[in-house]
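Every chain is numbered from 1 and lettered A, B, ... according to where its sequence line falls, protein lines coming before strand lines.
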2 protein chains.
Amino acid sequence: MTAAGNHQASRTGRRLERAGIRDVAAAAGVSITTVSDALNGKGRLPDATRRHVREVADRLGYRPSAAARTLRTGRSGLIGLTVTTYGEEPFTFTEFAYFAEMARAATSAALARGYALVILPASSRHDVWGNVALDGTVVIDPSDHDPLVTELVRQGVPVVSDGRPAGSLPVHAWVDNDHEAAVLGILDHLAAAGARRIGLLTGTTTDTYTRLSTTAYLEWCERVGQEPVYESYPAHDPRAGAVAADRLLARPDRPDAVYGLFDPNGTDLLAAARRYGLRVPDDLLLVCCSESTVYASTEPPITTLSLQPRRIGTAVVQLLIDAIEGVGGAHPVQQVMPTELIVRTSSQRRAHRTTVSHPRGPAGG
Amino acid sequence: MTAAGNHQASRTGRRLERAGIRDVAAAAGVSITTVSDALNGKGRLPDATRRHVREVADRLGYRPSAAARTLRTGRSGLIGLTVTTYGEEPFTFTEFAYFAEMARAATSAALARGYALVILPASSRHDVWGNVALDGTVVIDPSDHDPLVTELVRQGVPVVSDGRPAGSLPVHAWVDNDHEAAVLGILDHLAAAGARRIGLLTGTTTDTYTRLSTTAYLEWCERVGQEPVYESYPAHDPRAGAVAADRLLARPDRPDAVYGLFDPNGTDLLAAARRYGLRVPDDLLLVCCSESTVYASTEPPITTLSLQPRRIGTAVVQLLIDAIEGVGGAHPVQQVMPTELIVRTSSQRRAHRTTVSHPRGPAGG
DNA sequence: CCCCCCTGAAGATAGGTTTCTGCAAGATCG
DNA sequence: CGATCTTGCAGAAACCTATCTTCAGGGGGG
């Protein structure tokens with residue numbers, strides 16, 4: 001049997017012509033339908049035919065066209081990932097560690113279910129959003145009445161958000177930490193360690209995380225009868241953080257414990273403490289919210305609150321894919337994930353239990 | 001076996017029917033061709049018709065189907081981004097800061113030219129690579145004879161790598177730092193600051209960065225007649241880094257200056273120095289390669305080498321899109337980017353200009 | 001012995017866009 | 001005034017796959 005339909009040898013002769021499904025069909029001596037069924041495990045075919053077709057397809061290096069498949073099935077296997085931006089850069093500076101971890105987990109989770117992640121900007125002049133076929137989208141920290149989310153939902157694209165949607169954003173589901181509980185837990189922890197006046201380093205932005213955390217702090221203060229002591233700064237500006245930390249410790253009503261809401265606050269507060277001759281944890285207890293491992297080896301190591309971005313990333317993607325594939329119910333799902341307080345020296349006034357005593361070098365330096 | 005059971009779901013019923021190009025054509029009273037031409041700025045049409053069509057399209061909320069467009073044009077506007085993985089996680093732990101910055105810059109650059117980035121695993125059981133239509137791919141630190149890269153190139157997909165391709169990987173272009181020059185520069189810098197014996201904290205992995213840097217170090221040692229003093233550890237294990245830092249400072253031939261090749265080395269070395277009662281920079285000069293801003297506010301601030309991931313991410317994407325669009329020549333391009341040494345207190349023996357003197361006794365145990 | 005069902009596989013269509021080709025009518029020119 | 005060019009737009013092919021429908025033939029049940 002000589003190959004029929006081989007006449008399209010050099011169409012334009014330019015590029016390496018990728019083998020299409022009909023080339024496989026011709027080479028295997030079957031129809032296009034049979035090839036499709038054999039490769040996708042559908043239809044009614046004897047195993048012999050299936051094997052034969054697969055073998056021929058492999059030999060030709062056949063790869064189904066993703067575009068054609070998407071067009072036909074309406075599924076692209078692509079999930080958008082976007083984070084609200086402050087300014088023109090697509091990602092927020094202060095969210096790096098969180099974002100990187102979250103994205104990594106989300107990528108893994110998506111991959112395990114056969115999807116890939118597309119990084120997209122929350123806003124853009126060029127309409128990239130319209131140019132890519134998305135089965136759904138993960139939105140990190142959507143802002144109030146986010147026009148992008150509204151538009152996506154209007155188009156029927158499932159949207160799941162990391163962080164409670166502010167206002168009445170019509171997302172299909174969301175995942176978030178219990179920020180109030182986290183803050184209250186930290187404040188109790190600090191109080192238990194002997195803190196009399198706990199300060200807060202917070203942000204001027206209006207996102208949900210900042211708002212909920214600050215509110216919880218103020219509530220706690222009112223409950224225990226402490227005067228609130230806090231400084232705010234624009235969270236996307238790293239320099240402003242250092243200044244705010246300094247300001248907080250320069251106040252006449254200087255706190256003897258501080259919780260910083262953002263990742264770099266730990267080092268900033270530590271540096272400020274040094275400038276004012278405050279020993280940590282003896283004169284000042286310190287906790288900050290961070291995913292960074294550097295706080296394990298600062299001097300002293302700093303207690304951190306982890307938002308567990310890995311868990312969140314995984315959960316968000318699972319929820320989204322469930323929505324895409326119509327697994328879950330039609331009603332919106334909200335999922336609250338626990339946080340983890342990693343207690344280190346900076347918030348323990350009594351003992352340093354984390355490190356063992358270390359023998360000094362025999363030949364002292 | 002399963003019955004078809006495919007419910008057509010009333011044609012005009014539940015699902016929001018997206019308007020297609022022919023709906024626009026019908027509504028505007030023109031042909032499909034005219035709509036396409038009007039919206040894409042092609043063909044010969046009077047402005048009046050163009051405006052009319054655009055208006056109708058807007059009114060209907062028309063969005064061209066990305067899948068159909070991709071199928072027709074052969075361009076998806078999607079670029080793959082992958083990083084070689086050590087282990088099962090898609091990203092390397094130690095590359096977080098670098099990766100996050102690089103990805104951010106790459107996303108921006110791609111976006112500016114109308115492309116979006118897809119995060120993909122370097123290896124995977126599920127063949128996600130085959131399921132997404134990519135115009136090209138960025139590969140971070142490809143390993144020797146990377147099968148993925150080979151396959152992509154075989155399929156005619158342009159590949160540009162961040163980092164020199166090891167072996168004879170057939171990438172279309174690559175971008176890398178001048179690692180030898182960077183290391184030599186740092187060693188000279190340390191020597192000029194008074195270092196007599198410079199140590200190196202390096203990795204056991206065989207990637208190009210580690211290899212080139214280590215080689216440059218050994219070369220420099222031979223040139224100036226210093227006995228090499230270095231410790232290696234698996235770079236993906238953060239705990240191993242702390243141990244290796246400790247080992248390096250515990251050696252009988254303890255160095256009086258150290259360069260650490262990986263991001264966390266700075267804090268690890270600082271912690272180790274404290275354990276051995278070594279003052280930085282008086283007893284020990286410190287430099288590490290990092291993109292993290294925390295080193296600006298450690299005590300003391302640590303000199304870092306920045307690989308400038310933003311520049312690299314931008315350059316890689318530009319090169320790739322040039323290759324995709326056939327702008328550049330057909331021959332492979334290699335582009336070497338400069339590094340930046342951010343000099344801080346930890347590598348300056350003479351003066352502490354950044355901080356005032358702090359009255360503190362001998363470091364506590 | 002006839003009919004029906006079941007197996008195995010081919011034919012045809014749809015999915016939405018871009019673009020090549022074609023065509024009519026008005027404008028221009030010899 | 002006829003021929004050619006230009007303008008404005010329409011028709012239809014092609015992109016590649018998945019799936020719905022159809023069909024031939026063989027075997028089992030009535």
Report task. Taking only the side-chain nitrogens and oxygens of A/R72, find out if one of them lies under 4.0 Å from OP1 or OP2 of C/dA14. Result -> no
Query raised in the report: Closer than 4.0 Å, any side-chain N/O of B/T34 to the OP1 or OP2 of D/dA10?
Result: yes
Query raised in the report: Do you see a donor-acceptor pair shorter than 3.5 Å between the side chains of B/S36 and B/T33?
Result: no
Query raised in the report: Is any side-chain N or O of A/T49 closer than 4.0 Å to OP1 or OP2 of C/dA9?
Result: yes
Requested in this report: Pick base, sugar-phosphate or nothing for B/R63, based on heavy-atom distances below 4.0 Å to the nucleic acid.
Outcome: sugar-phosphate
Report summary line: Result for 5'-nearest mapping on DNA chain C, choosing between A/D37 and A/R69, is A/D37
Report task. Verify the contact: side-chain N or O of A/Y62 to OP1 or OP2 of D/dC16, cut-off strictly under 4.0 Å; return yes or no. Result -> no
Requested in this report: Check the distance between C/dC20's P and B/K42's NZ and give it to me in whole angstrom.
Outcome: 8 Å
Query raised in the report: At under 4.0 Å, does any side-chain N or O of B/S65 touch on OP1 or OP2 of C/dG16?
Result: no
**Report entry** Of the listed nucleotides C/dG16, D/dC16, C/dG11, the one nearest the side chain of A/T33
**Finding:** C/dG11
Query raised in the report: Can we say B/R164 and B/D176 salt-bridge, meaning some charged N sits less than 4.0 Å from an Asp/Glu carboxylate O?
Result: yes
Query raised in the report: Where each residue is assigned the nucleotide of DNA chain D containing its nearest heavy atom, which of A/N40 and B/A68 is assigned the position nearer the 5′ end?
Result: B/A68
**Report entry** Nearest listed nucleotide, side chain of A/L45, among C/dA10, C/dG8, D/dC16
**Finding:** C/dG8
Report summary line: Looking only at D/dT17, D/dC9, C/dT17, the nucleotide nearest the A/I21 side chain is D/dT17
Query raised in the report: Does the side chain of B/S161 come within less than 4.5 Å of B/I140's, by heavy atoms?
Result: no
Query raised in the report: Ignoring hydrogens and angles, are the base of D/dT19 and the side chain of A/S36 linked by a donor-acceptor pair under 3.5 Å?
Result: no
Report summary line: Residue pair B/R44/B/L71 against DNA chain C: nearer the 5' end by closest nucleotide is B/L71
**Report entry** Carboxylate-amine/guanidinium contact A/R54 A/D47, below 4.0 Å
**Finding:** no
